[in-house]
2 protein chains.
Amino acid sequence: MRETGIVDAIRRRVSKGTRSALVVQGMGDDCAVLRPRAREDLVFTTDFVIEGRHFELATHSAQDIGHKALARSLSDLAAMGGEPVFCLVSLALPTTLAARWVKAFYDALLSLAARFQISLAGGDLASFEKVVVDVMCCGRVPRGKALLRSSAKAGDDVFVTGELGGSAHGFSVRRGAAWRRHLRPEPRLAAGTALRKLGATSCIDLSDGLSLDLARLCRESKAGAKLDGALPLARGASVEEALHGGEDYELLFTARPWAKIPKRIGRLPVTRIGTMVQAKAGQVWFGGRLLRPGGFDHFA
Amino acid sequence: MRETGIVDAIRRRVSKGTRSALVVQGMGDDCAVLRPRAREDLVFTTDFVIEGRHFELATHSAQDIGHKALARSLSDLAAMGGEPVFCLVSLALPTTLAARWVKAFYDALLSLAARFQISLAGGDLASFEKVVVDVMCCGRVPRGKALLRSSAKAGDDVFVTGELGGSAHGFSVRRGAAWRRHLRPEPRLAAGTALRKLGATSCIDLSDGLSLDLARLCRESKAGAKLDGALPLARGASVEEALHGGEDYELLFTARPWAKIPKRIGRLPVTRIGTMVQAKAGQVWFGGRLLRPGGFDHFA
């Protein structure tokens, strides 16, 4: 399996996939070329998915890894209220992995890409001892309308989409719906664009755990938050898992108290869980006590 | 050293650095936000720089790695005739590396970024056994003016900027100017924009070696090439190193025979080395013989 052979196999798959109208030149050149639309901003994110950190080859199939690598970045687009445009996929992998593995990885990634109409426009490929994936996603939003972390105000209500702790619970029990949920997270793109239109004041995706991600949102917004509503627990998940478990990929957002936030966006429940308060930037209270951010820190 | 501590150290450095007028929101949110200019296309590339593949911690300093990681991606922008706008830097590294290493890495990367006025607008950070860097760069070009690989025509002259084989030679002798050149490659951005304005018909950067990269340009252009001019050898480099050595990061480009291509762009020499010919896509002749692409293939 030579590099050009792998690239050709990828290009054959990509040529059958989604092609965004904005992508003028896709794979096969030094750069992808994009023609932006007038009166739109573009949003960009990049996320690692690394063997031994985010997955193990023994428990995660090539398809799981391909899905997760793109889903993590799409979740960041969702948090900005963005609509997907294109992605670049950098993949390092051992030469001992079969061509079949590489094809299964891209098939799953491109299958998720097709569902959200994002085109794969390039990337990089390298041989390495372990599998390392880095996916860059680009989305678009009407000019000036991207949902930021930094614009929540004291008095805003705090909400989450979906249920919390399911991914951490699935990771501990390794079976059933919670494990499947851990393996194949669902980026909340429709919810993200709906929240942007509903006038949410800030938004972040829950990748590292509610306690850590809410502290980040508070820190950027120079405020605190008080969690005073019941957390929407995933089936089987504990409050600890809901507070500190990562990889739920739900959206945490804020809105003015008079904003009309529905109980559901499509079939996805939306739950009020607290209030933004004036406090030292980044402080979060839960059950009357200061909550110590307990989510995932790579360097803790 | 916690993740937030590292991110804060990076953000302090970034806040003193270049801020592109197009970047509305830089580091600190789920995504960076860009406001494109009217009548401009954007070009995007991503490149790995991996321990044990592109460098060794024993021979390459944190500064060398930070420089090289950005230079590789900037070189791809140069090949499109792009002007730099922003980059995203994904860095995985062992927790045992000192905070000083991380700071030195970003200082060198941001020093190169400042020279080419590209802003660091985000990225990702992860702990891992080895150092893996993936840098995404975005550049801008007037609409429809990006230099592609696929638009060379039979009859075009083939040129290179600078000298060839220097990086491979430096890698083998590990001393002197050639070694310094290997460690700190210089992306040819000014040449790239000049070539776009001079009406070059195609362009690619020499990252994997002349024989392989010229074959790629020919393949995408559905043509062949005949190398019939003397190769501009770097001091000490052999013809083999010039043909098959990677990482020179010079620009290989084509132009119609009547195009006015100067002997120098600024202080950078430009040398005619051959002609595009009608042939099976991707075939390259050198010294009257078919040249077998011998550059770097990760999976060979």
Side-chain angles (χ1 to χ4, degrees), chain A residues 1-6 24-25 28-36 38 40-48 50 52-53 76-77 79-80 82 86 88 90 92 95 121-130 132 134 136 138-139 141 143-144 146 148-150 203-205 220 297-300, chain B residues 1-6 24-25 28-36 38 40-48 50 52-53 76-77 79-80 82 86 88 90 92 95 121-130 132 134 136 138-139 141 143-144 146 148-150 203-205 220 297-300:
Chain A
M1 188 170 65
R2 284 180 73 96
E3 193 169 342
T4 41
I6 303 174
V24 178
Q25 166 72 42
D29 217 302
D30 293 281
C31 292
V33 183
L34 186 80
R35 185 153 303 158
E40 281 188 345
D41 288 341
L42 296 170
V43 298
F44 298 92
T45 182
T46 185
D47 282 279
F48 271 133
I50 295 182
R53 290 292 172 282
D76 281 322
L77 294 193
M80 306 297 284
F86 78 96
L88 305 176
S90 296
T95 52
D124 198 8
L125 199 60
S127 64
F128 193 52
E129 297 98 288
K130 298 225 170 173
V132 175
D134 189 39
M136 195 287 287
C138 168
V141 290
R143 186 173 289 183
L148 304 179
R149 292 181 184 182
S150 52
C203 189
I204 187 172
D205 77 314
E220 296 300 325
D297 184 315
H298 273 278
F299 297 88
Chain B
M1 188 169 65
R2 285 179 72 96
E3 194 170 341
T4 42
I6 304 174
V24 178
Q25 166 72 41
D29 217 303
D30 293 282
C31 291
V33 183
L34 186 80
R35 186 153 303 158
E40 282 188 346
D41 289 342
L42 296 170
V43 298
F44 297 92
T45 182
T46 185
D47 282 279
F48 270 132
I50 295 181
R53 291 291 173 279
D76 281 322
L77 294 193
M80 306 296 285
F86 78 97
L88 304 177
S90 296
T95 52
D124 198 9
L125 200 59
S127 63
F128 192 53
E129 297 99 289
K130 299 223 170 174
V132 175
D134 189 39
M136 194 288 287
C138 167
V141 289
R143 186 173 289 183
L148 304 180
R149 293 182 184 180
S150 52
C203 190
I204 186 173
D205 76 317
E220 297 299 326
D297 184 314
H298 274 278
F299 297 89

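Owing to the predicted nature of the structure, the values given are computational and were not obtained by experimental measurement. So you know, we letter chains A, B, ... as the sequences are listed, proteins then strands, and number each from 1.
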task: With sequence neighbours excluded, tell me which residues meet side chain to side chain contact (heavy atoms under 4.5 Å, CB included) with B/Val24.
output: B/Val33, B/Arg35

- request: Check whether any side-chain heavy atom of B/Asp30 sits under 4.5 Å from a side-chain heavy atom of A/Thr45, and report yes or no.
  value: no

- prompt: How would you list, by chain and number, every residue that makes a ring pair (Phe, Tyr, Trp, His ring centres under 6.0 Å) with A/Phe48, sequence neighbours excluded?
  reply: none

- prompt: So which part of A/Ala121 gets closer than 4.5 Å to some heavy atom of chain B, the side chain, the backbone, both or neither?
  reply: neither

query: B/Cys138 versus chain A, heavy atoms under 4.5 Å apart: side chain, backbone, both or neither?
result: neither

field: A/Met136 versus B/Phe44, closest heavy-atom pair with distance
entry: CE-CD2, 4.5 Å

query: Distance from B/Thr46 atom OG1 to A/Asp124 atom CG, nearest 0.5 Å?
result: 6.5 Å

- request: Select, from B/Gly123, B/Ala38, B/Ser150, the one with the greatest count of heavy-atom pairs under 4.5 Å involving chain A.
  value: B/Gly123

message: Using 0.5 Å steps for rounding, measure from the CG atom of B/Asp134 to the CG atom of A/Leu88.
response: 9.0 Å

query: Given the options B/Cys203, B/Ala92, B/Ala146, which has more heavy-atom pairs under 4.5 Å with chain A than any of the others?
result: B/Ala92

- prompt: Do A/Lys130 and B/Lys130 have side chains that get closer than 4.5 Å, going by heavy atoms?
  reply: no

field: Heavy-atom pair count under 4.5 Å with chain A, highest-scoring of B/Ile50, B/Val132, B/Asp76, B/Leu125
entry: B/Asp76

field: Best-contacting candidate, A/Ala126, A/Gly139, A/Pro36, against chain B by heavy atom pairs under 4.5 angstrom
entry: A/Ala126

message: Given heavy-atom pairs under 4.5 angstrom as the criterion, report whether the side chain, backbone, both or neither of A/Leu148 touches chain B.
response: both

- prompt: Is the closest side-chain heavy-atom distance between B/Met80 and A/Asp29 below 4.5 Å?
  reply: yes

message: Do A/Leu42 and B/Leu42 have side chains that approach each other closer than 4.5 Å (heavy atoms only, starting at C-beta)?
response: yes

